[in-house]
Amino acid sequence: MRVIAWLVEGTWPACVDAVRAHAPDDAEVVLLHVSGPDVPAVAHGAFAGLLGRRSQDPGDRLEALGGTSATALLDAAAERLGRPCVREERSGRVEREVVAAAEGAGLLVLARDGDRSRLGPKSLGPAVRFAVDHAPCPVLLVWPEPAPRLDTIPPPPPHHHP
C-alpha cells in the first residue's frame, strides 16, 4: 500500500502524525510537497516588463528559495515520521499535482486549510476541496489542531415552503 501525505506549511505535522497513527507498518509512505508556480512567475513577469535584463531576475531567486523551503519542510517531516519514506517535490497547479500524485495510492492524507474555527464546509479551502472531490483513492482528512466543538456547526438553512 502506498500512502501519500500532502504536506503544507503550517499543517504538515498533523498529516505526519496521522500517517504514523493510521498507515500500516509495511506501507510505502510518500511525503509530498507541491509548490505553485504563481510567485516566481509574477516575479519573472515583473522583471521582464519593468526592469529589463540589466540585473539578476528575482524570479530565479524566488524559485531557489521555494526549493530550499520545501526541502527543509520535507526533512522535518521525515524526521517526525521516524520511518523510511520517499520525499517528493512537485510544482504546478497544486490541487491537480496532488490528485496526480495520488493515482495508484491506497490513501491520501491531507489537512483542512480553510476556516478551522468551526465545523462546516468552509473548513476546506479550494485546493483541499478539489483534492477531496477528485482523489482517485481513499482520503484521510485531518484537523491540524483539535477539532472545534459540535456547537460550531452552522445552523441548517431555513425551510422554504411553496
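Every value quoted in this text rests on a predicted model; they were computed, and no experiment measured them.
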Heavy-atom distance under 4.5 Å between the side chains of [X] and [Y], does that happen here?
{"X": "Ser35", "Y": "Arg90", "answer": "no"}
{"X": "Val139", "Y": "Val109", "answer": "no"}
{"X": "Asp133", "Y": "Arg129", "answer": "yes"}
{"X": "Leu124", "Y": "Leu141", "answer": "yes"}
{"X": "Leu7", "Y": "Val16", "answer": "yes"}
{"X": "Pro13", "Y": "Arg80", "answer": "yes"}
{"X": "Val29", "Y": "Val86", "answer": "no"}

By salt bridge (Lys or Arg N to Asp or Glu O under 4.0 Å) - contacts of Asp25 (at least two apart): none
Please report the closest heavy-atom contact between [X] and [Y], naming both atoms and the distance.
{"X": "Trp143", "Y": "Ala14", "answer": "O-CB, 3.7 Å"}
{"X": "Ala23", "Y": "Val3", "answer": "CB-CG2, 4.0 Å"}
{"X": "Arg2", "Y": "Ala101", "answer": "NH2-O, 2.8 Å"}
{"X": "Cys137", "Y": "Gly106", "answer": "CB-C, 4.4 Å"}

Apply the test side chain to side chain contact (heavy atoms under 4.5 Å, CB included) to residues Val34 and Val98: give CA-CA distance (whole Å), side-chain angles for both, the deciding distance (0.1 Å), then the verdict. CA-CA 7 Å; Val34 182; Val98 170; 4.0 Å; yes
In Å, rounded to the nearest 0.5 Å, how long is the span from [atom1] of [X] to [atom2] of [Y]?
{"X": "Cys85", "Y": "Leu31", "atom1": "SG", "atom2": "CG", "result": "4.0 Å"}
{"X": "Thr152", "Y": "Leu119", "atom1": "OG1", "atom2": "CG", "result": "3.5 Å"}
{"X": "Arg83", "Y": "Glu28", "atom1": "CZ", "atom2": "CD", "result": "10.5 Å"}
{"X": "Arg118", "Y": "Asp151", "atom1": "CZ", "atom2": "CG", "result": "12.0 Å"}
{"X": "Ile4", "Y": "Leu107", "atom1": "CD1", "atom2": "CG", "result": "9.0 Å"}
{"X": "Leu110", "Y": "Leu140", "atom1": "CG", "atom2": "CG", "result": "8.0 Å"}

Leu32 with Leu81, same ILVMFWY side-chain cluster at under 4.5 Å: no
Cluster link Val142 to Trp6, ILVMFWY, side chain under 4.5 Å: no
Test your reading of the model: is there a side-chain donor-acceptor pair from Asp115 to the backbone of Lys122, 3.5 Å cut-off? no
Taking everything shown except Glu145 itself, do over 12 heavy atoms lie less than 6.0 Å from its CD? yes
Any side-chain donor-acceptor pair under 3.5 Å between Ser123 and Arg116? no
Would you say the side chains of His33 and Glu9 form a donor-acceptor pair under 3.5 Å? yes
Taking Glu89 first and then Arg87, would you say they form a salt bridge - that is, a charged N and a carboxylate O separated by under 4.0 Å? no
